[in-house]
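Everything on this sheet refers to the single structure shown next.
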Amino acid sequence: MSVDLVLSTILSPIVLFFVLGLGAALLRSQMTVPEAFAKGLAIYLMMAIGLKGGVEMSKTALTSDILLIALAALLLSFLGPFLAYMLLRTTSKMSRIDAAATAGHYGSISIVTFVAATQALELAGVITSGYMVAMAALMEVPAIMSALWLANRGLQKSGEVAGSEKGELFREVFLNASVVVLVGALAIGWITGERGMEKISPFFVIPFQGVLCLFLLDMGLNAGRGLRQGWRQLDLGALSFGVVMPLISAAITTLICWGMGLSVGDAALLITLAASASYIAVPAAMRLALPKAQPSIYLTLSLGVTFPFNLTLGIPLYIMLAQWIGG
Amino acid sequence: MSVDLVLSTILSPIVLFFVLGLGAALLRSQMTVPEAFAKGLAIYLMMAIGLKGGVEMSKTALTSDILLIALAALLLSFLGPFLAYMLLRTTSKMSRIDAAATAGHYGSISIVTFVAATQALELAGVITSGYMVAMAALMEVPAIMSALWLANRGLQKSGEVAGSEKGELFREVFLNASVVVLVGALAIGWITGERGMEKISPFFVIPFQGVLCLFLLDMGLNAGRGLRQGWRQLDLGALSFGVVMPLISAAITTLICWGMGLSVGDAALLITLAASASYIAVPAAMRLALPKAQPSIYLTLSLGVTFPFNLTLGIPLYIMLAQWIGG
Amino acid sequence: MSVDLVLSTILSPIVLFFVLGLGAALLRSQMTVPEAFAKGLAIYLMMAIGLKGGVEMSKTALTSDILLIALAALLLSFLGPFLAYMLLRTTSKMSRIDAAATAGHYGSISIVTFVAATQALELAGVITSGYMVAMAALMEVPAIMSALWLANRGLQKSGEVAGSEKGELFREVFLNASVVVLVGALAIGWITGERGMEKISPFFVIPFQGVLCLFLLDMGLNAGRGLRQGWRQLDLGALSFGVVMPLISAAITTLICWGMGLSVGDAALLITLAASASYIAVPAAMRLALPKAQPSIYLTLSLGVTFPFNLTLGIPLYIMLAQWIGG
Amino acid sequence: MHQKKRLEIIIEKPALKRACRVLEEAGVKGYTVFPAMAGYGSNMRWQRGTDLSASRDMVMIISILDNSAVKTAIDDLENLMGAHIAVLSLADVEVLRPEKF
Amino acid sequence: MHQKKRLEIIIEKPALKRACRVLEEAGVKGYTVFPAMAGYGSNMRWQRGTDLSASRDMVMIISILDNSAVKTAIDDLENLMGAHIAVLSLADVEVLRPEKF
Amino acid sequence: MHQKKRLEIIIEKPALKRACRVLEEAGVKGYTVFPAMAGYGSNMRWQRGTDLSASRDMVMIISILDNSAVKTAIDDLENLMGAHIAVLSLADVEVLRPEKF
Ligand SMILES: Nc1ncnc2c1ncn2[C@@H]1O[C@H](COP(=O)(O)O)[C@@H](O)[C@H]1O
Ligand SMILES: Nc1ncnc2c1ncn2[C@@H]1O[C@H](COP(=O)(O)O)[C@@H](O)[C@H]1O
Ligand SMILES: Nc1ncnc2c1ncn2[C@@H]1O[C@H](COP(=O)(O)O)[C@@H](O)[C@H]1O
Ligand code: NA
Ligand code: NA
Ligand code: NA
């Protein structure tokens, strides 16, 4: 069964299109999915996820169980960076500031990895809860604060960068596209409920998986190019961190899920979230807050190493972990 | 019932997504829908509207009634700017040329407002005619001519701007994207009729409302940014014009519809068209024809004030007006 | 019946939208479909074609018949340029290098023409095989090599252009977007088969024809602009080549199909492929390999003359040829 | 290398065609146009993609040309700059193949 | 024509707003921003559209201004260039309407 | 401030990679590339987005560099300009941190 799960994940069209893009980029193909088109698809995907989650949430009441999961999610995002930072500082030669920035990425989440896990679970016939989308949204931001604290602690406060403005980081972090669209769509789904969705769901449900294929082709191209251009910046310690860190996060989160008695589907999703790393929201925030950290390091790791690992081997593994504690 | 109508309009997903975008922009979020993607969606929407209208038109003969409505539509677009100009010159401090340019926008129409009204009517179970799309197309252009006449009358003809060419304004006005696509799709829908549409209608009908959500998210972002950047240019007279002018146009058009004995649905659409203001076709024409008029004035008014007003409160009101004269 | 075929082809929505775009461009409308959006649609179309072909192929075994067709396809692409070159050098005043570059375009293929033929056949109720997509992919590249040989033969090898790199042409040719996406999607369709497609086919099948309309509107705009800007570069010999060459290719391929005993549908597609000319992959390769050839010549011919001809009159003719040898 | 001029015109997109015609009529041999994405002037910011009409977009025209062409074009350019939102600047540059300009 | 300066700042996009504020606070009358599509520096290439966060994109700010505005801005610009990835250059240009800058 | 050179190459996109390699091999420390949207040359206009192959698009490479790097690159650049559609110009500029270039 577990081999089945791995195979059915890896041989699913979305993963195959990712591999196609990855391969093309590694072979130095010039092909690209236009940036504007890919960004448009990303907005579509987040709207669809948010709406679906919101409609599901409108059907059930807010229980203390859900609040508990939310608390766990917040803590995972807050504390993840500390673990990641320690690991990086002991196993790689990364500077303090690079390690802090990278750690922030691993505390935060990848929404595409989350979606891929949802698809794999659906394929395996496992039920998941709508409010897990809210958990994903909750986990995006806290890690950024931990990373900033890690980078700046002990330093005497240096002067502001010229032209910086109060609130710019706050806006970048809390009002970036993925937070706005995800939280907004969640709220709209929740407000309008099933009845309101009727008319628009054909657009947001039926083509979803197909759009995901197109998007993952682009992600593959990105990941491949990131790897080609950036791997030289990384030593072996850093590279292996890209695989080890997700596994450690997954292990810890498995324990937490077991403690909270989460359902198999929800546990699998929370584990996936914890094990995934950001490559959209956090990099943008880091350029503002920690401009001295090198983007090629954290982008190569999170998009070039961790994302491909999670998409192919990670997700089936996380599902198995969830089945194991849930069984 | 009327409160119901207002609520069901305001709580529909398309309006909620508009509000989401508006809010994000007012809070100074950096998120954007890529320009190329939004423009692509706009073309899709106009194709879909045109095709649907064309197919409907292919089913019914051209009666003198329809010609009468067309005449009314043309007159509304031609004469609207005169009213708007007088209003602006008496209630605001706008210069003659700014008032003329703004007046042109209010004589012309907003196709997205038209679509939103169609959706609200559909939701309310009111039937509309396919040829109303043709009315929308007819009303786009005449107002521009009135605006130019208003701006230039009495002035001795000034020399041409260097590099200007005979016919460039004509092409800008009659061959702009929305006229080409709307009229073209209308004709194609009319030529191929229901049979030809079979194969392509899944694409143009099923996802329509969903695409509209995505598009209105972008409209909200645009409207919010326009407001934030431009409201300082506007005095109170100008700002209130953005709400008063649609109401006056609506009142006049209600009378006309009552005189012509229009059906409830068609009346609601004609009132909406008259009350709506352009923010795509007319601004582009004005930069060529009246470069001295300030874009921030007319864009802020039509996109930042009138469009949000129509989308939320205007449309239910116009439907009620139509029901009132039709009942 | 044949008049019917011509009419139903020309009056199909996809052709009408092409004509709309063509007309708008010739009338010098400023409207455009955003580049990024059109390129995104192109990727969608190639994914859809590839997947469909791959799934079809997964249902049937690879027979020697198919290998024979593949051989024919390869030879058509390899030898086509020689014929085209001779024709151009005798009937037009084109320089050797321009003739060679143009010849390369006519040996290669146009995937949109291929798709339009598939649609016309579907409309006429004629069955085609999935592996014909593979033939299209096979025919893209060989012609480029013949063109290079034609351009460079007899010349002493000139020094490399500064900055050129081993393998850059190879990558441009074999890893361009259309080859990667088409071959990749074909393989993915073939690997996952019907079962894997279930979830994604709604996106890749249902909207296909509608997307094609949107794409052909853009193609019409491109073709019209190409014609307007480039026709002055072409003498009458060159212009007529744009219509004569497809007809000659079609005639020869008809004979070959007759010799191989191809089914009506597959014959019609192979004839169409042979008669079509590239305007995406080959131009890009030519700028690298033969920078002295003038793009305005080959682009105007293949996109401005041959593509419109094939789309309107060519395809029905090729279908009739196929019916004639198959009947 | 040889002395030429580099003309740079930042102008609102709706007037681009007019500027192009002015240059072409002055006998300029070539120019290239670049899309701007944002800007500031008259105490106001603008940003591409926040205006569906795109009528506030700016573009930049760069032309490497001979001083004589500048002199021919200058009157029409002044007229154009008077009517439309635009900024013009001229600089000295060196080029490789002087006959091209 | 009249002598002015042309300031060109190639800077990472996340810092664009900061650079704009610096210029505005220095009293610069206008500037225009252009999106870059690729680049090379520190032995590494970057390319737009290969990074979903767009945090490595570069943009170019062009401002035609008076030398006095450059002097007012220069300290803050140096501070900004020290913190962010950026390249600044200044050149002499001639303009038509000197009062605009 | 310090004297450097500003090299600007407007070149057809298919040849961009070649130009980049030439600059990198000459030891240039950095450059940035910008997409053009339209242009005119040899009595013909082109416009981006009207050619699906994008093979007629032009791009602009800007590099702030030391005069010595220009001299190293110039032969290869001339060769490249001879083969491909391209326009090159060189200007004097002032920079802040001379060691970067
Ligand atoms: N000094 C300048 N340097 C560069 N661009 C400018 C300058 N002044 C104005 N602009 C551009 O021209 C637009 C209109 O400016 P203005 O004419 O001052 O309203 C601005 O949004 C900028 O994009
Ligand atoms: N000398 C230069 N001229 C133009 N652009 C440069 C130059 N140096 C760096 N850049 C740009 O700045 C980015 C970062 O460069 P660096 O600071 O050297 O890592 C590069 O990718 C280029 O886009
Ligand atoms: N003098 C020039 N200044 C700026 N761009 C030019 C110039 N000449 C040519 N170009 C650009 O190079 C392209 C090809 O020009 P040509 O080599 O003259 O056919 C044009 O379409 C322009 O984009
Ligand atoms: Na995580
Ligand atoms: Na109106
Ligand atoms: Na061919």
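Side chains included, hydrogens not; waters and symmetry mates left out as well; all remaining heavy atoms used. Lettering of chains follows the sequences in order, A, B, ..., and the numbering in each one begins at 1.
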Practice problem: Please name the pair of heavy atoms, one in A:Ile280 and one in E:Ser53, separated by the smallest distance, quoted to 0.1 Å. | Solution: O-CB, 3.2 Å

Exercise. Would you check if A:Leu221 and E:Thr50 make a side-chain contact, meaning some heavy-atom pair closer than 4.5 Å?
Key: no

Quiz item: What part of A:Ser296 gets closer than 4.5 Å to chain E, counting heavy atoms only: side chain, backbone, both or neither?
Solution: both

Exercise. Examine whether an atom of A:Asn176 lies under 4.5 Å from a heavy atom of chain E, and if so say whether it belongs to the side chain, the backbone or both; otherwise answer neither.
Key: neither

Quiz item: If you take all heavy atoms of E:Asp76 and A:Ala162, which pair is closest and at what distance?
Solution: O-CB, 3.3 Å

Self-check item: Pairs of heavy atoms under 4.5 Å with chain E: top-ranked of A:Pro283, A:Ala25, A:Ala284, A:Gly230
Solution: A:Pro283

Quiz item: Which heavy atom of A:Tyr279 sits nearest a heavy atom of E:Asp51, and at what distance?
Solution: O-OD1, 4.4 Å

Practice problem: Using non-hydrogen atoms and a 4.5 Å limit, figure out which bit of A:Leu288 sits close to chain E: side chain, backbone, both or neither. | Solution: both

Exercise. Against chain A, label E:Asn43 side chain, backbone, both or neither, depending on which of its atoms sit under 4.5 Å from a heavy atom there.
Key: neither

Quiz item: A:Arg287 versus chain E, heavy atoms under 4.5 Å apart: side chain, backbone, both or neither?
Solution: both

Quiz item: Closest approach of A:Gln229 and E:Met44, non-hydrogen atoms and distance?
Solution: O-SD, 4.2 Å

Quiz prompt | Heavy-atom contact with chain A under 4.5 Å, split by part of E:Glu12 | solution = side chain

Quiz prompt | Neighbours of chain E found in residues 167-175 of chain A - heavy atoms under 4.5 Å | solution = A:Glu168, A:Arg171

Self-check item: For the student: nearest non-hydrogen atoms of A:Ser164 and E:Arg18, plus distance
Solution: CB-NE, 3.4 Å

Practice problem: For E:Arg21 and A:Gly163, indicate whether the former's side chain and the latter's backbone hold a donor-acceptor pair under 3.5 Å. | Solution: yes

Quiz item: chain E heavy atoms under 4.5 Å from A:Met286: which part of the residue, side chain, backbone, both or neither?
Solution: neither

Practice problem: Nearest 0.5 Å please: distance from the CG atom of E:Leu52 over to the CZ atom of A:Phe307. | Solution: 9.0 Å

Quiz item: Once you round to the nearest 0.5 Å, how far does CD of A:Glu165 lie from SG of E:Cys20?
Solution: 11.5 Å

Quiz prompt | Contact leader toward chain A among E:Pro14, E:Ser55, E:Gly82, where contacts are heavy-atom pairs under 4.5 Å | solution = E:Ser55

